[in-house]
Amino acid sequence: MKDFAVLFADLDGTTKTNEKVAALKKYFGTVSHGEAAWAVYFLTGRRIKQLVKSGQLARWAVDEAKIPDWLFDECYDSVGDLGETIALILPTTEAHAEGSLDFWIEEKVYKLRGASELTQREIVVGAWNASSDLERFLFNKLLTGAFRVGVSQQLVVKALSELSGIEPRVISQRLMGDWDPTAEFFEKLIDTEGGAGELSRPYPFYLAFPLTENETLLLGPAANWFAEWKWDGIRAQLIKRNKEIAIWSRGEELLTDRFPEIVEEATGLKEGVVLDGEILPFKEGDVLPFQLLQKRIGRKNLNKKILDEIPVVFMAYDILEEDYKDLRDEPLRFRRERLEHVLSTRDKVASQQEFTQLQLFAPCMTQLSPSLRVSPTMQAESWEEMKKIRDTANAMKVEGLMLKHRESKYGTGRHKGFWWKWKVDPFTIDTVMVAAQPGHGKRAGLFTDYTFAVWQENELVPIAKAYSGLTDEEIRKVDAFVRENTTGRYGPLRTVKPTQVFELAFDGLQPSTRHKSGIALRFPRILRWRFDKKVSEIDTVESVSKLFKEKARD
Amino acid sequence: MSKALVTSTNSGLYCPQGDFYIDPWRGVDLALVTHAHSDHARSGSKCYLTSEPGQHVLRARLDPGANVESIAYGKKLTIKDVTVSFHPAGHVLGSAQIRIEHKGQVWVVSGDYKTQLDPTCEAIEPIQCHTFITESTFGLPIYRWPSEQDIESQINGWWQRNKEQGRASVLFAYSFGKAQRILSLVDSSIGPIFVHGAVHKLNEQYTTSGVTLPDCKFVGDLDKKADFKGGLIIAPPAAFDSPWTKRFGDYSSGYASGWMRVRGNRRRQSIDRGFTLSDHADWNGLLEIISATGAEEIIVTHGFSQPLIKYLRETGKQARGFKTEYRGEESELAIANEKLAEAYEEDLEKPPAKEDTP
Ligand SMILES: [Zn+2]
Ligand SMILES: [Zn+2]
């Protein structure tokens with residue numbers, strides 16, 4: 001694992017992109033294909049199933065370091081990362097991790113599977129004793145499945161592309177979805193010929209950036225933009241090639257067998273088609289809460305009852321491939337035309353009505369429920385008019401609008417400027433902080449993840465967890481507050497004196513069995529720290545529910 | 001139990017039997033100073049007493065005209081009812097542990113100290129005593145320092161590599177103590193060495209005090225178009241991210257501090273390389289010195305004091321804390337951002353770099 005540790009140190013030891021790419025090229029050019037495959041696997045954020053419980057690792061480390069448990073906890077609090085804490089407290093060695101990365105995974109990590117505790121301990125402690133601080137840290141990260149480096153998938157793709165001479169987009173596409181990190185995989189990844197095995201692979205998803213009110217002014221005439229509803233579902237690509245149908249989520253999960261009604265509907269599509277869209281729980285012409293979709297996905301067994309209770313649709317808004325031809329460089333207005341054509345000419349169209357009714361409210365008004373639909377586009381002459389459309393979002397049960405430039409290509413990743421998400425103004429409430437947990441990554445060691453509560457009768461009940469929205473300086477102050485006002489400790493979580501009021505924004509409500517309040521906020525984030533407010537003045541469960549109902553009715 | 005020789009007061013640590021203060025943070029009549037770091041040596045007292053090797057640095061850091069007396073290491077001096085002597089603490093040039101003896105009782109106030117070797121100051125000598133007053137800046141077992149040779153080769157290797165890539169290396173380090181220690185361990189055959197004004201000023205005091213340092217060019221003496229490629233620039237953390245660094249072009253940044261042992265501390269600062277180099281004792285160093293003093297009672301002043309106190313108690317020692325205004329190595333960063341230091345005294349690092357926007 002020595003080479004991998006050197007790569008890690010090189011990546012970690014610079015903030016400059018070109019140096020990171022250079023380090024990656026050097027590494028991929030030297031190590032075996034088996035090792036390279038594993039490195040790509042981890043560097044692109046994939047993980048292996050955790051085979052040893054974190055608590056157990058901590059216990060063995062405490063024994064090896066010969067320190068009391070409470071002192072380990074203090075260290076963990078300060079470092080904020082278990083794998084790193086363990087690496088830092090173990091007795092120092094002069095050793096270096098001999099053997100390749102694939103050897104370490106296959107001959108050490110995988111040997112933990114199903115082994116007795118004693119054997120597991122022997123393997124793990126043996127590995128610790130045979131490696132340096134940094135190698136131990138990496139080994140722990142691989143074990144706990146929480147490996148993160150300051151390198152994006154794009155950089156890995158760039159390095160592999162420069163090394164192999166293959167276009168970055170081909171590499172990205174080959175990296176999508178499920179694959180096994182084997183030497184064969186890596187060889188195919190950098191194979192200039194291209195293989196047939198990638199037939200069902202999706203394209204990298206093009207993402208939109210959030211847009212604020214004032215920024216609409218920067219977008220030029222409203223007439224240049226298509227608006228679509230911003231659906232609250234699962235972003236997915238529906239692929240039909242060679243009579244095979246595949247549904248991929250943006251999280252690169254293959255979801256085909258989760259949505260039989262969409263697959264059935266898609267059999268009517270012509271060959272060589274890739275659609276981009278949103279999977280929504282949808283019944284009798286109405287969008288159901290997102291939570292129901294989660295519930296359905298969670299079911300191992302899709303019986304008739306659940307299919308009836310929570311039907312889904314694929315709301316298509318883009319076409320990336322037609323007749324096996326990549327359309328991503330065509331302008332959006334052209335792709336939309338093709339999309340409507342491809343869907344309306346499919347073999348099994350539920351009703352021609354669907355396409356004549358594609359007015360503003362069409363998807364919701366139609367009583368038909370074909371499982372494959374076109375998400376309508378809307379146009380406006382002015383931004384005021386566009387805002388009016390956006391403000392009907394709550395009634396539509398969507399989060400706002402997507403704004404897409406008529407001439408936009410289907411880009412890769414976060415190519416900024418052509419696709420925007422324009423959410424409706426959020427709900428805001430006042431809450432009090434009741435607990436905090438240390439953050440991870442850049443903010444390890446600082447208390448950055450907070451739990452907020454509102455009143456229910458005479459009791460404070462948690463309603464949301466949030467970690468974004470404060471300035472760095474505020475985070476420091478909150479961190480100091482937490483340390484000085486801790487009332488209890490539960491693992492890394494600390495409860496604190498409920499005195500600090502924070503204004504939260506959120507996008508919606510959903511029932512929660514996890515929270516005592518019975519409700520949970522969707523996308524809660526911190527708006528500001530309200531020094532001026534007392535705990536007695538914060539919201540109640542009732543006022544929060546009421547606010548939501550009122551606004552949703554507008 | 002016999003009477004305390006040192007108590008904690010609003011003005012600082014006080015010895016009633018000798019009627020003097022040690023490292024007071026308010027003006028007093030007589031201040032005994034362990035070392036010239038700003039949290040230990042403050043202006044406003046009528047008379048200062050420090051170790052002989054530390055006198056030049058202390059004078060340079062106090063208000064001009066301050067009344068500074070000095071005494072050789074190990075030499076005994078009677079102040080009222082007590083006998084006082086200064087002993088090397090190994091922290092920075094002139095740093096001392098102050099030994100106080102009264103009717104057979106011996107207390108030692110150690111100020112800041114380290115056990116690693118440092119060519120720019122005398123090595124620590126553990127002093128036998130009944131009560132030992134210690135810092136605990138790095139009082140957690142995660143803080144264990146790599147060897148001096150390791151750090152030396154890391155820093156030289158980094159500089160060498162940057163030089164080969166035609167870039168300057170800017171190493172941020174506290175200007176008093178850390179900067180000179182780095183100068184003493186870098187390989188000056190790699191390339192030219194430059195220093196920031198704050199470091200330059202201290203280097204002069206070190207040279208006056210007889211410490212040999214390699215040749216360094218003061219950046220302020222050079223014209224705007226000077227070429228820094230392949231050079232090593234030593235600057236205080238306060239200069240990090242300031243317009244002052246623009247002249248070095250495309251440089252690699254490094255930071256030398258004990259805090260760099262933990263990855264998150266470095267990542268939060270957006271620094272390329274962190275070097276775990278501290279002028280404070282690490283966990284093992286603290287335990288080693290505490291045990292070598294043979295003290296029955298340990299009083300902890302600053303840093304991770306609670307864990308150290310609890311740990312010592314579990315190993316059968318008497319231990320308690322003193323509330324002080326000393327800030328340990330954290331102060332290096334406090335100076336980098338005064339405003340932040342006011343807002344939040346405990347954690348004085350530079351604010352983390354903005355999270356990448358999603
Ligand atoms: Zn000091
Ligand atoms: Zn200090």
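Chain identifiers are assigned alphabetically (A, B, ...) following the order of the sequence lines, protein sequences preceding nucleic acid strands; residue numbering begins at 1 within each chain. The basis for the numbers below is simple: all heavy atoms, side chains too, and nothing from hydrogens, waters or symmetry mates.
When each of A/L88, A/L90, A/D133 is checked for heavy-atom pairs under 4.5 Å with chain B, A/L88 comes out on top.
At a 4.5 Å heavy-atom cutoff, the contact between A/D10 and chain B is made by side-chain atoms alone. Residue contact with chain A, scored on non-hydrogen atoms closer than 4.5 Å, is absent for B/W158. When heavy atoms are compared at a cutoff of 4.5 Å, A/I67 approaches chain B solely by way of its side chain, counted from C-beta outward. Neither the backbone nor the side chain of B/Q306 has a heavy atom closer than 4.5 Å to any heavy atom of chain A.
Note that A/K230 lies outside the cation-pi zone of A/W422, set by a 6.0 Å cut-off to the ring centre and a 45° limit from the axis. Annotation: cation-pi geometry not satisfied between A/K141 and A/F42 (NZ/CZ under 6.0 angstrom from ring centroid, within 45° of ring axis).
By the neighbour-count criterion of 12 heavy atoms within 6.0 Å, atom NZ of A/K423 is densely surrounded, having more than that number from other residues, nucleotides or ligands.
Ring-plane geometry between A/Y76 and A/F72 is classed as tilted, the angle between the planes lying from 30 to 60 degrees on a 0 to 90 degree scale.
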**Request:** Before giving the answer on salt bridge (charged side-chain N to carboxylate O under 4.0 Å, His left out), spell out for A/E84 and B/R263 the whole-Å C-alpha distance, their side-chain angles and the decisive distance to 0.1 Å.
**Result:** CA-CA 8 Å; A/E84 185 177 3; B/R263 197 168 159 253; 5.5 Å; no
